[in-house]
Amino acid sequence: MTIYRSVNPARLDDVVAEVRLADADGFVAACRTARAAQRGWAAVPAPVRGQVIGNLGRLVRANFETLARLVTREIGKPIAEARGEVQEIIDTCDFFLGEGRRLYGQTVPSEMSDKQLFTFRVPVGVAAIITAGNFPVAVPSWYLVPALLCGNAVVWKPAEYASASAAALAALVRRSGAPDGVFEVVDADGAATYEGLSGALDAGLVDKVGFTGSSEVGARIGELTGRHLQTPCLELGGKNPMVVTPDADLSLAVEGALFGGFGTAGQRCTSLGTAIVHESVYESFVDSLGKALSDAVIGDPSREDVLYGPLLADRFARRYEDYLGWIGPHHRVLGSGGRTGRITADNPRPGFAGDPAGGLFYHPVLVAGVRPDDELFRTETFGPIVGVMPYRELDEAIELANAPGYGLSSSIYTNDPRSAFAFRAGVSAGMVSVNNSTSGAEAHLPFGGNGRSGNGSRQSGIWVLDQFTRWQSMNWDYSGRLQKAQMDTQSITPDLDFRL
Ligand code: UN1
């Protein structure tokens, strides 16, 4: 049995949790337990299931600050953002509490008399949910809240490096009145999860997989579930563009780039990847953003005033260091007096909040002069690094926005409605912001991406219901005779020889 230590990335000597990681059999066993509990849960009336969701929202509210502080301690997200994350769970519960009293089907007219047609939403069954740790409680709630509300059982595999936050959310879910077996949590590493998921699919124990994480792992999950004729809900990476037109409010755009690119240390799937700025305002945008970055406070995430804290965990820091290798001689580096890499006594950052030595803190990097064939332009870089490039015509900016082949979020700063709508129509992203940053989606609009960012599935609001229910149609004939569709339908034919 492997023990995993989840450590505070701002103070690596602070062990937040020690968890036992399950093996593949442990994952399959949890799916079996969920399978056994699911039918009973589906039989509970939806408005009553909704009460459980309402209870969860109230319990989260009652534990608001404790949960936010735990998130900050475990993954290093600044406390203000951690509070926003906890609020996002409450928002999700608020929405789905009401959905328990809707979960509408339709009554549909029949083409024949004495016959009525209906549609029903039917739970999918057992949903296996695998989540990342950058939003260790909010993003999981986007899956498990609607999944449970719709009458499914959930097996949740949280990120190991966020297992204490996951355990806290799980304790609240259990307290909310979800019956035993309906909600199972499995701590496991990626290899055991994949093997367990494969075994559970072979054994017919999983009906839906939800995954938030990298495009590479998402593709593997897509292959695996595809073999079982299933469509997963995939929320993957992004190389999210922000276009700045000549007429844009430049200081607003700089503020949006600062938050979108460097909030959560650039570790959101919605984080800004490349700012694509009209050549007439390019230099001034680069200078202002560079200056804003140099002035920003970085460091201790428990402080209210920091732009960002440490990277999530060691493995993200190591991967991020590889991305820094993509900075080339044709680039100009701003934001930290030309410094990149880990913030240390030898590689210091003026105004750093706290002691950088004990944590995974990295300099912010603004890379000007990015080109379309740069790796830095083409690939997601989960960390505090943003590229900037100029454009001449809006069509070119839209082409650049789409070129990396992702399609999660996007943004345009403009005061011209024609540019805003042309961008909306032309961009391949699932989400478009106008005069707001690429990140910070609200919890009741469709969330999801296309291309390398996902398979078109959408979370949040009413749209996620299609992930966790299937439509069942019913036709009820009370005529007392066999009425054959199409054949026994009355037809009203016009006189086609009629002329005016
Ligand atoms: C993620 O990084 O996986 O829109 C989700 C946002 C947040 C969610 C990000 N509400 O930035």
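Note that ligands are numbered from 1 as they come in the structure, with each ligand's atoms numbered from 1 the same way.
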R315 NZ/CZ over Y161 ring centroid, <6.0 Å and within 45° of normal: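 Not flagged: R315 not positioned over aromatic ring of Y161.
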Considering only non-hydrogen protein atoms, determine which one is nearest to [atom] and report residue, atom name and distance to 0.1 Å.
atom: atom 10 (N) of ligand 1; value: E88 OE2, 3.0 Å
atom: atom 9 (C) of ligand 1; value: F135 CE1, 3.5 Å
atom: atom 2 (O) of ligand 1; value: C269 N, 2.8 Å
atom: atom 4 (O) of ligand 1; value: A441 N, 2.7 Å
atom: atom 8 (C) of ligand 1; value: W142 CH2, 3.6 Å

Within 6.0 Å of [atom1] in [X], more than 12 heavy atoms from elsewhere:
X: R220; atom1: CZ; result: no
X: E195; atom1: CD; result: no
X: R5; atom1: CZ; result: no

For atom 11 (O) of ligand 1, the option (of D91, T212, L236, T270) bearing the nearest heavy atom: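 Going through D91, T212, L236, T270 one by one, T270 has the nearest heavy atom to atom 11 (O) of ligand 1.
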Which ligand 1 atoms does [X] reach within 4.0 Å, using its non-hydrogen atoms?
X: F447; answer: 4 (O), 5 (C)
X: S439; answer: 11 (O)
X: R268; answer: 2 (O), 6 (C), 7 (C), 11 (O)

Region of T264 that comes within reach of ligand 1 [heavy atoms, distance under 4.0 Å]: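 Neither; no heavy atom under 4.0 Å.
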Non-hydrogen atoms of V386 and G261 that approach each other most closely: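 Closest pair (atom of V386, atom of G261, distance): CG2-CA, 3.6 Å.
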Where T193 and A188 come nearest, the two heavy atoms and their spacing: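 Closest approach of T193 to A188, heavy atoms only: OG1-CB, 3.5 Å.
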Parallel, tilted or perpendicular: ring planes of F95 versus H444, cut at 30 and 60 degrees: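 The rings of F95 and H444 lie parallel, inter-plane angle below 30°.
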Aromatic plane relationship, Y391 with H278 - under 30° parallel, 30 to 60° tilted, over 60° perpendicular: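 Answer is perpendicular, since the angle exceeds 60°.
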Nitrogen or oxygen atoms of G440 and ligand 1 under 3.5 Å apart: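 The answer is yes, given that G440 and ligand 1 share an N or O pair closer than 3.5 Å.
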